[in-house]
Amino acid sequence: MAIELKDLTKSEDNYSQWYNDLVVKAGLAENSAVRGCMVIKPYGYAIWEKMQAALDGMFKATGHQNAYFPLFIPKSFFSREAHHVEGFAKECAVVTHYRLKNDPEGKGVVVDPDAKLEEELIVRPTSETIIWNTYKNWIQSYRDLPILCNQWANVVRWEMRTRLFLRTAEFLWQEGHTAHATREEAIEEAMKMVHVYEDFAQNWMALPVVVGHKSPNERFAGAEDTLTIEALMQDGKALQSGTSHFLGQNFAKAFDVQYVNKEGKQEYVWATSWGVSTRLMGALIMAHSDNNGLVLPPKLAPIQVVLVPIYKGDEQLADMRSRLNRIADELRAKGLSVKVDDRDNVRSGFKFAEYELKGVPVRLAMGPRDVENGTIELARRDTLTKETVPQEGLAERCAALMDEIQKNIFQKALTYRNSMITKVDTWDEFVETLNTKGGFISAHWDGTVETEVAIKDATKATIRCIPLDAEDEDGKCIFSGKPSKRRVLFARSY
């Protein structure tokens, strides 16, 4: 299918439409026949696979193992943890019957009323309940702890307003669920995993993030504390990009998960859960891309280098193909993912636009003059610059460029993010900054849910996090004027 770059909406004209156009035209995903659900296309899934592989390695390096738990959860499980059910009740999809039958009146198929389930099942919106019911069978003694499990899965949250990758009724994610003997171990685990997410975001996604605690009103349903990584998109809105929860003993008590400690006494287990999802794809797109298309960090690019021949006639194409395949082999020997695009049914200019749209970090083009001179044209996607370079030493040059491009993309995002953090001390400054500049606003808050909700109702801005590195600072809440001990970060968000 032809890709018309001119059809890509400019981000400054309509950021939301630019995003949607980019997801579809770059071949990442599209809407499906099921309302609110998406089809992740091969190119988009290839990026997700790279994310998955990197994160999976990081989880295993910190002692976690993968497991898999059921998609269906008995409805009664949700009623055992009051805050949890309250937090997810509005988003649950419920299975009530297990069979269809032909309509006796000839109107297709209908639910068989005789096939009603004895207990309705929830299609998992998250797995704490089914996992803690399982952990009850696995844990008897302190010797069984800790349990460090992760699962890669799909979940369903019946969202009414959906957007590809950012918010869909079904999405892919990983969810870690760990069990510990002490409160201190569980808190340490939750903190360790939020820093794993920080490491991944910054060193793989080239995405600067702020790490902090969620306010009580924004915590995960059923958690005592939620840690988060918050990123800033190029339209000045924040995106929660990963969370790690200290669950205390809430789920252990709900499912009666106890262990015998070293002194022979029964104690309830301490818990964490943590997760990131395909929402990271949305973060990757919105943090780096431009009006020419995607800009992908080399570490996550399915194709790191594309080689394009410029030729006339079949004989020249055959020669170019042979030369470019030899170069491709040298690049692959350096560990790079490479594609030689020798299609003869589209022009080279079309190919250039296509790979620019798809965010391929480096493009190499070779024409007859390059063959004579022993050169090749090298174009960088991050800077949109190109130069003619010698073919000799090309593999080493491209391998080094991957690190340079990765760092450059991160630095650009970091410079932008830092320029979009504004300190304010009054309500008028807060509202003006929010409406004219956006970004993160560092302001004092009195610590009450009432004030937090009032600010959200008045401005649609929420407390994104209380940064881990926030220093104590006496001040007055921008809304209530009451005393405050530290600043928090507000923003409008996705």
Side-chain angles (χ1 to χ4, degrees), residues 1-8 25-28 41-47 49-50 289-290 292-406 408-409:
M1 185 178 75
I3 297 171
E4 294 294 338
L5 192 59
K6 65 178 183 291
D7 292 341
L8 186 64
K25 292 177 186 298
L28 302 180
K41 298 178 77 172
Y43 192 65
Y45 201 80
I47 299 171
E49 283 181 315
K50 284 207 157 194
S289 303
D290 59 27
N292 295 304
L294 296 175
V295 176
L296 295 178
K299 286 186 178 182
L300 296 178
I303 305 164
Q304 293 174 313
V305 183
V306 64
L307 297 94
V308 178
I310 300 170
Y311 63 93
K312 287 182 180 177
D314 292 345
E315 188 176 327
Q316 225 174 59
L317 173 59
D319 179 52
M320 292 288 182
R321 184 183 286 133
S322 174
R323 292 173 184 273
L324 291 180
N325 278 326
R326 282 199 297 272
I327 292 172
D329 287 342
E330 292 173 9
L331 292 168
R332 291 187 185 105
K334 292 288 182 184
L336 302 178
S337 55
V338 184
K339 179 177 180 178
V340 176
D341 189 342
D342 57 0
R343 289 177 292 172
D344 60 2
N345 60 337
V346 292
R347 293 177 180 273
S348 56
F350 173 88
K351 295 177 185 179
F352 293 171
E354 179 179 6
Y355 293 112
E356 208 164 80
L357 178 65
K358 286 181 171 287
V360 175
V362 169
R363 184 186 75 233
L364 300 173
M366 181 188 286
R369 190 172 294 174
D370 292 303
V371 173
E372 290 176 18
N373 298 334
T375 59
I376 198 163
E377 183 185 83
L378 185 155
R380 282 176 57 163
R381 178 63 185 90
D382 61 327
T383 58
L384 291 173
T385 56
K386 58 186 179 182
E387 60 179 326
T388 300
V389 301
Q391 291 178 28
E392 189 177 342
L394 184 63
E396 291 78 8
R397 180 189 291 266
C398 287
L401 255 184
M402 293 302 126
D403 289 337
E404 186 180 325
I405 292 170
Q406 184 84 22
N408 184 53
I409 292 173

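Just the heavy atoms: all of them, side chains too, but no hydrogens, waters or symmetry mates, feed the values below. Sequential numbering from 1 along the given sequence is applied to the chain's residues.
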Which atom names give the shortest non-hydrogen contact between [X] and [Y], and what distance separates them?
X      : Y      : value
Leu357 : Lys25  : CD2-O, 3.5 Å
Pro302 : Tyr43  : CG-CE1, 3.7 Å
Pro309 : Lys351 : CD-NZ, 4.4 Å
Pro368 : Gln316 : CG-OE1, 3.6 Å
Thr383 : Thr385 : OG1-OG1, 2.6 Å

Report yes or no: is the cationic atom of Arg363 (NZ for Lys, CZ for Arg) under 6.0 Å from the centre of the six-membered ring of Phe352, at an angle within 45° of the ring normal?
yes
Would you say that [X] contacts [Y] through its side chain, given a criterion of any heavy-atom pair below 4.5 Å between the two side chains?
X      : Y      : result
Asp344 : Tyr311 : yes
Cys398 : Leu378 : yes
Leu296 : Val360 : no
Met366 : Ile327 : yes
Met320 : Asp342 : no
Arg397 : Pro390 : yes
Arg381 : Ile405 : no
Glu396 : Lys334 : yes

Is Asp329 salt-bridged to Arg326, cutoff N-O under 4.0 Å?
no
